Amino acid sequence: MAAAACLHYGTPASIKIQQKQQPTRNWMMMQGLRRGNGKASKRVGVTNCSANSGIEIGDFIGGDMLKPDLGRWLSDVEKHKAIAIYTPHEGGYEGRYLNRLRYLGYYFLDLSARGLGDPETTLTKVYPVCPAHLGKQPIARWYFPPEVDYRLAALPPSAKGLVVWIIEAKVLSKSELQFLALLPTLRPKVRVIAECGNWRKFMWKPLKEIAGLTQEGAA
């Protein structure tokens, strides 16, 4: 009869009675506030920062404060010339790496992969653009100079080079990424930085590896 009287999906009535006797969460919080003179007590614990835990000191101090890898970043940009970066979702971390390149004398060309069209045509060739005609004006076609060559011609003599920084590069196809990886070979003073995705911390890889132009990328 006791089991039949319980309406909690077959739970024995004795367990239900014990659950009713336990204090509620709100009652425990009120008791804690009274004992602390209106202030909630602080919970003090020890966090394990060992190598096996996966937690680093940068997770507590702030990712924009500790950047001991800036030297490796500059050397990798000069070595590979085309880099694929992965930034945290909240953004802002890539600005410190951008400024380091700016301090070296690089100028920047910021582009979005969405609406870029064919990267080879837009960056290295004269390309057409059809403005919106709204159904009343005649369809026109305007021609623009190549974005990279135009900026290279306008660089001051003291400039070290041009950095083509492409955001949202994750929408580009593999063949488009391959062209961006080979662009510094066609234009020696050009460096390419492509934002190919997101990660929990700022990291980067050679763009040739991401585009499948190396043995590691093809595997």
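Keep in mind that what you see is a predicted model, and the values were worked out from it rather than measured. Side chains are part of it too, since the values below use all heavy atoms of this structure and drop only hydrogens, waters and symmetry mates.
Under the 4.5 Å side-chain criterion, counting only non-hydrogen atoms from C-beta, L152 is in contact with V148. Looking at heavy atoms from C-beta onward, V192 lies out of side-chain contact with F179 at the 4.5 angstrom threshold. Contact annotation: the side chain of R114 approaches that of V171 to within less than 4.5 Å [non-hydrogen atoms, C-beta and beyond]. No side-chain heavy atom of I193 sits under 4.5 Å from any side-chain heavy atom of L207. Looking at L162 and R191, their side chains never come closer than 4.5 Å, going by heavy atoms from C-beta outward.
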Between W165 and E94, does a side-chain hydrogen bond (donor to acceptor under 3.5 Å, both in side chains) hold up when you go through it step by step?
CA-CA 11 Å; W165 195 291; E94 59 274 16; over 6 Å; no
For I166 and D110: C-alpha separation, side-chain torsions, deciding distance, then whether side chain to side chain contact (heavy atoms under 4.5 Å, CB included) applies.
CA-CA 6 Å; I166 300 179; D110 299 328; over 6 Å; no
Check step by step if side chain to side chain contact (heavy atoms under 4.5 Å, CB included) holds for T87 and K201.
CA-CA 6 Å; T87 60; K201 62 179 182 179; over 6 Å; no
Under the side-chain hydrogen bond (donor to acceptor under 3.5 Å, both in side chains) rule, what do E147 and T122 come out as? Steps first, then yes or no, please.
CA-CA 6 Å; E147 298 292 342; T122 305; over 6 Å; no
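The OH atom of Y127 lies 13.0 Å from the OH atom of Y143; values are rounded to the nearest 0.5 Å. Rounding to the nearest 0.5 Å gives a distance of 10.5 Å between CZ of R96 and CG of D69. Note that CG of L182 and NZ of K81 are 12.5 Å apart. Values are rounded to the nearest 0.5 Å. Taken to the nearest 0.5 Å, the CH2 atom of W204 stands 4.0 Å off from the CZ atom of R72. In this structure, OG on S75 lies 8.0 Å from NE2 on H80, to the nearest 0.5 angstrom.
Residues L104 and I83 fall within the same hydrophobic cluster, defined by Ile, Leu, Val, Met, Phe, Trp and Tyr side chains chained together at heavy-atom separations under 4.5 Å. Placement of L109 and Y150 in two distinct hydrophobic clusters is found when ILVMFWY residues are connected by side-chain heavy-atom separations under 4.5 Å, directly or transitively. Follow the hydrophobic side-chain contacts under 4.5 Å out from I210 and you reach M203 in the same cluster. Cluster annotation: L116 and F144 are assigned to distinct hydrophobic clusters (Ile/Leu/Val/Met/Phe/Trp/Tyr, side-chain heavy-atom contacts under 4.5 Å, transitive). Using a 4.5 Å cut-off between side-chain heavy atoms of Ile, Leu, Val, Met, Phe, Trp and Tyr, with links allowed through other members, L70 and V77 fall into the same hydrophobic cluster.
Nearest heavy atom pair, residue R141 against residue C130, reads NE-SG, 4.0 Å. Smallest separation of non-hydrogen atoms from A169 and C196: CB-SG, 4.2 Å. Heavy-atom minimum distance, F108 versus L98: CZ-O, 3.5 Å. Contact record, L155 with A159: CB-CB, 4.2 Å, taken as the closest heavy-atom pair.
Using modelled atom types, one side-chain atom of E176 and one backbone atom of S173 make a donor-acceptor pair closer than 3.5 Å. Proximity of a side-chain donor or acceptor of Q178 to a complementary backbone N or O of A211 within less than 3.5 Å is detected.
Each of V164, L180, V163, D149 was compared with V190 under the side-chain contact (heavy atoms from CB on, under 4.5 Å) criterion, and only V164 meets it. The residue from Y86, Y93, Y97 that alone fulfils the ring pair (Phe, Tyr, Trp, His ring centres under 6.0 Å) condition with F202 is Y97.
With respect to K160 and E78, a salt bridge is recorded, a charged nitrogen being found less than 4.0 Å from a carboxylate O. Under a 4.0 Å N-O distance rule, the pair K125/D118 does not qualify as a salt bridge.
The number of heavy atoms from other shown groups lying within 6.0 Å of NZ (K170) does not exceed 12.
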